[in-house]
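The chains referred to below are lettered A, B, ... by the order of the sequence lines, with proteins before strands, and numbering in each begins at 1. The analysis underlying the following values was restricted to heavy atoms, covering all of them including side chains, and did not include hydrogens, waters or symmetry mates. Given the structure is predicted, the values throughout are model-derived calculations rather than measurements.
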Amino acid sequence: MNNSAKKAFLSGNAAIARGAWEAGCKFAAAYPGTPSTEIMEFCGTYDEIDAQWAVNEKTAMETVIGACFGGTRAICSQKHVGLNVAADPFFTASYIGVNAGLVIVTADDPGMHSSQNEQDNRYYAMMSKMPLLEPSDSQEAKDMTIEAFEISERFNTPVLIRTTTRVSHSETIVQLGERREQPEKEFVPDMNRYCTLPNISRQMHVKVEKRALELEKYAAEESKFNYITMGDPKIGIIASGVAYRHAKEAFPQASFLKLGMSWPYPNELIKRFASKVQKVIVIEEGDPFIEKAVRTLGINCVGKNLVPLCGELNPDILSEVLSEVVSPHLPVKTGIKHTELASEVPVPGRPPVLCPGCPHRGIFYVLSKLKCIVTGDIGCYSLGAYAPHNAMHSIVCMGASITTAMGLSKAMKDKIKGKLVAVIGESTFMHSGMTSLLDTVYNKGNHLTIILDNSITAMTGHQPNPASGKTLKGEPAKSLDFVKVCHALGISKVSTVDPFDLKAVETLVKARLQDDEPSVIIAQRPCYLLKDYKPKIRKVTIDIDKCVKCGMCLKVGCPAVEVDPVDKKTRLNMALCVHCGLCAQMCKPGAITQEQEEN
Amino acid sequence: MKKTFNILVCGVGGQGTLLASNIIADAAMDSGYDVKKSEIHGMAQRGGSVTSHVRFGEHIESPIMRKGECDILLSFELLESVRSIGFLKPGGTLITNTQKILPMSVSAGGQVYPDNILDVFAESSIKFTAIDAIGKALELGNQKVLNIILLGVLSKQLPEISVETWENSIKKLLKPKLHELNLKAFNLGRNYN
């Protein structure tokens with residue numbers, strides 16, 4: 001990848017990393033989060049970029065701010081909700097400005113393919129007074145990243161790039177360029193520049209407001225990413241991000257104002273465009289962010305009154321919702337005939353499930369059996385909320401399981417005593433669960449916390465973390481000792497257990513639920529999909545003649561355990577089975593058995 | 001002006017659909033087309049439905065095709081072919097693996113996996129090829145090459161991309177030690193009737 005072949009087929013995420021590399025960026029940090037994760041993975045493939053996985057988005061943001069103070073161009077990336085975690089340093093970074101260029105990427109997830117909300121992070125730019133770039137494909141993702149570093153240094157500001165899932169994860173053709181090394185800038189200690197004491201910040205704020213006006217002029221007059229292409233003047237579409245591509249697909253004959261730099265609002269450019277067209281339509285994914293600017297200028301427009309606020313957009317949706325507005329003026333492709341067979345065949349859903357061999361499965365079986373009230377967290381194990389386990393009863397945000405549990409117990413007292421469990425993955429625990437556990441100890445919470453330690457940040461595609469013993473670049477690193485950490489935070493009852501041993505898990509959970517103090521169980525077993533994890537196998541087999549159709553084996557909820565539609569007895573799908581043995585532990589009549597000897 | 005092609009690849013996570021769509025995109029790019037490809041990495045590593053839109057032509061705007069625009073639907077799993085069939089244009093081509101992977105909603109006993117899927121296709125106006133790609137892959141000694149076998153079947157429907165380009169893209173995207181087996185799989189698919 002490092003060689004400058006002429007063109008490549010890159011995802012938006014890969015293109016942002018490439019842009020950072022071409023811009024001479026030397027430092028990068030992130031916490032994984034869909035759809036942003038691959039930005040940092042690709043940054044890690046370049047020798048010239050020192051890239052690292054942080055333990056959370058806030059530490060990542062603070063580290064890149066420090067690197068920018070230290071005189072090298074730096075970038076950090078996160079998913080939309082990750083910027084909430086990093087918001088504190090983010091806002092103040094805007095006041096301080098930069099030494100070397102600083103670029104911050106937020107990958108929003110309209111449609112919530114893998115997220116808990118669909119907040120529109122463009123408001124973060126407006127709220128922090130930071131310039132905002134919105135790429136619509138991978139070429140722009142690369143070009144805008146390079147431009148973001150230029151804007152950052154020219155205007156003395158961090159720059160926010162906002163992608164959405166379809167930009168992050170779509171691949172398009174990108175023209176590659178060379179890397180341009182940047183001169184190192186010296187860090188000269190200067191209280192007035194780097195210390196946000198109230199009297200200094202007051203002066204900084206004045207500069208920030210002045211800077212916003214200069215950036216508005218730049219966005220309206222100079223930015224190459226804001227441009228008008230005149231088509232039929234009867235319909236004028238203002239669009240940003242991938243919504244622009246969908247709109248071009250749906251209404252190719254219309255006139256367009258493409259906004260790549262959408263904040264500060266390029267007001268003069270918007271006015272000029274509106275004066276050239278008869279009807280203005282604003283098309284954007286998420287909230288009416290640009291539409292509000294258009295309306296504030298007194299321009300009447302069509303926008304979120306017709307274009308959906310919720311979910312992703314696509315050309316079909318746009319043709320459908322805007323047909324009435326556009327069709328009197330321009331032809332609209334709607335109601336394309338398509339093959340409609342689905343109605344003749346009922347299609348059962350295929351929701352995601354915990355993989356065969358997943359170490360979380362045993363824990364959720366036991367929690368479900370003991371009818372526990374479970375506060376959950378963010379990770380693969382969120383799937384424990386679904387049938388057959390139904391063993392997760394709240395999910396809020398990263399790290400919330402432990403403190404939500406404490407709140408529940410404070411409110412419900414004896415009504416929930418002996419039933420309450422917080423479940424959190426090891427990566428999430430390190431991200432923001434440790435402070436919650438300390439809070440629980442300090443404020444005399446008394447619930448059980450189960451840390452699911454599978455040695456990897458699994459949900460986002462296996463990124464190493466401080467439990468894995470290696471860094472993003474594959475170098476060895478110190479491995480966190482969870483038992484010691486929990487003891488140090490003030491938990492006296494800390495136990496470890498193999499989640500594949502159902503009896504041991506059940507005994508331990510039952511004992512801990514009796515306690516009148518906070519306790520921790522660490523369930524330790526690596527994610528089965530880990531490349532270098534080669535567990536010893538004890539083979540599982542089934543003797544169908546012994547199956548009494550009791551259905552106990554189905555309670556572990558494994559995709560490899562199937563019911564034969566004819567005889568209603570259990571079958572094991574050996575193409576999926578990885579011989580974890582949970583179903584054998586469930587089988588009282590001895591139809592499913594597991595070898596005693598490992599081989 | 002080059003015609004725009006819309007190929008939808010669908011299947012179940014873990015089946016190798018993403019590699020197949022990567023190869024289609026690479027071969028189209030090497031044949032001089034503008035290409036866009038879009039897929040979603042959903043929750044959890046495996047076991048969910050996966051679809052990948054591959055669009056190529058003179059100039060492509062949206063990475064997502066419209067319903068009724070799909071020229072060829074390449075399906076790795078029978079039920080998934082029904083789930084995505086609405087994208088296929090009337091008279092479009094469906095290439096489907098006959099493999100059935102039971103979703104949990106079926107395997108745990110609740111819902112029913114429809115048994116009339118191939119009959120419904122046969123009675124419709126679509127052109128379709130059904131192939132036991134797993135069986136064919138096992139004949140070659142490795143279940144994993146089912147994706148390249150299906151790609152071989154697809155390649156026959158796209159004369160715009162030359163055999164050499166297909167083979168070149170397969171070699172580019174796979175490790176050298178896998179080349180011989182996968183080229184064999186590609187040719188098996190290409191010659192399937």
### Task
Side chain from CB out, backbone as N, CA, C, O: work out which of these in A:Cys358 comes under 4.5 Å of a heavy atom of chain B, or both, or neither.
neither
## Note on the structure
Note: vs chain B, highest number of non-hydrogen pairs under 4.5 angstrom among A:Ser136, A:Ala250, A:Gly349 is A:Gly349
### Crowding at NZ, B:Lys3 (>12 non-hydrogen neighbours, <6.0 Å)
yes
### Task
Using the side-chain contact (heavy atoms from CB on, under 4.5 Å) rule, pick out the option among B:Lys67, B:Glu69, B:Arg66 that qualifies with A:Pro315.
B:Arg66
#### Entry: Passing option when A:Glu171 is tested against B:Val54, B:Asn22, B:Val35 for side-chain contact (heavy atoms from CB on, under 4.5 Å)
B:Asn22
### chain A contact via B:Phe56 - side chain, backbone, both or neither, heavy atoms under 4.5 Å
neither
### chain B contact via A:Pro565 - which portion, at a heavy-atom distance below 4.5 Å
neither
### Query
Counting heavy atoms not belonging to B:Lys156, are there more than 12 under 6.0 Å from its NZ?
yes
### Query
Side chain, backbone, both or neither: which part of A:Asp137 has a non-hydrogen atom closer than 4.5 Å to chain B?
side chain
### Query
Side chain, backbone, both or neither: which part of A:Val167 has a non-hydrogen atom closer than 4.5 Å to chain B?
neither
### Summary
side-chain hydrogen bond (donor to acceptor under 3.5 Å, both in side chains) with B:Ser62: of A:His246, A:Arg245, A:Lys248, only one passes, and it is A:His246
### Message
If you count heavy atoms of other groups shown closer than 6.0 angstrom to NZ of A:Lys258, is the number above 12?
### Response
yes
### Note: A:Arg350-B:Glu77 ion pair, threshold 4.0 Å (strictly below)
yes
### Query
Only one of A:Leu313, A:Asp316, A:Val242, A:Asn314 clears side-chain contact (heavy atoms from CB on, under 4.5 Å) with B:Ile64; which?
A:Asn314
### Query
To the nearest 0.5 Å, how far apart are CE in B:Met104 and OH in A:Tyr386?
12.5 Å
### Query
Are there more than 12 heavy atoms of other residues, nucleotides or ligands under 6.0 Å from atom NZ of B:Lys144?
no
### Option in A:Ile173, A:Leu576, A:Thr165 with maximal non-hydrogen atom pairs under 4.5 Å from chain B
A:Ile173
### Query
Side chain, backbone, both or neither: which part of B:Leu73 has a heavy atom under 4.5 Å from chain A?
neither
### Message
Can you give me the closest heavy-atom contact between B:Arg83 and A:Pro348, atom names plus distance?
### Response
NH2-O, 3.0 Å
### N-O pairing of A:Glu249 and B:Lys36 below 4.0 Å
no
### Among B:Leu94, B:Ile101, B:Ile60, B:Ile117, residue most engaged with chain A (heavy-atom pairs, under 4.5 Å)
B:Ile101
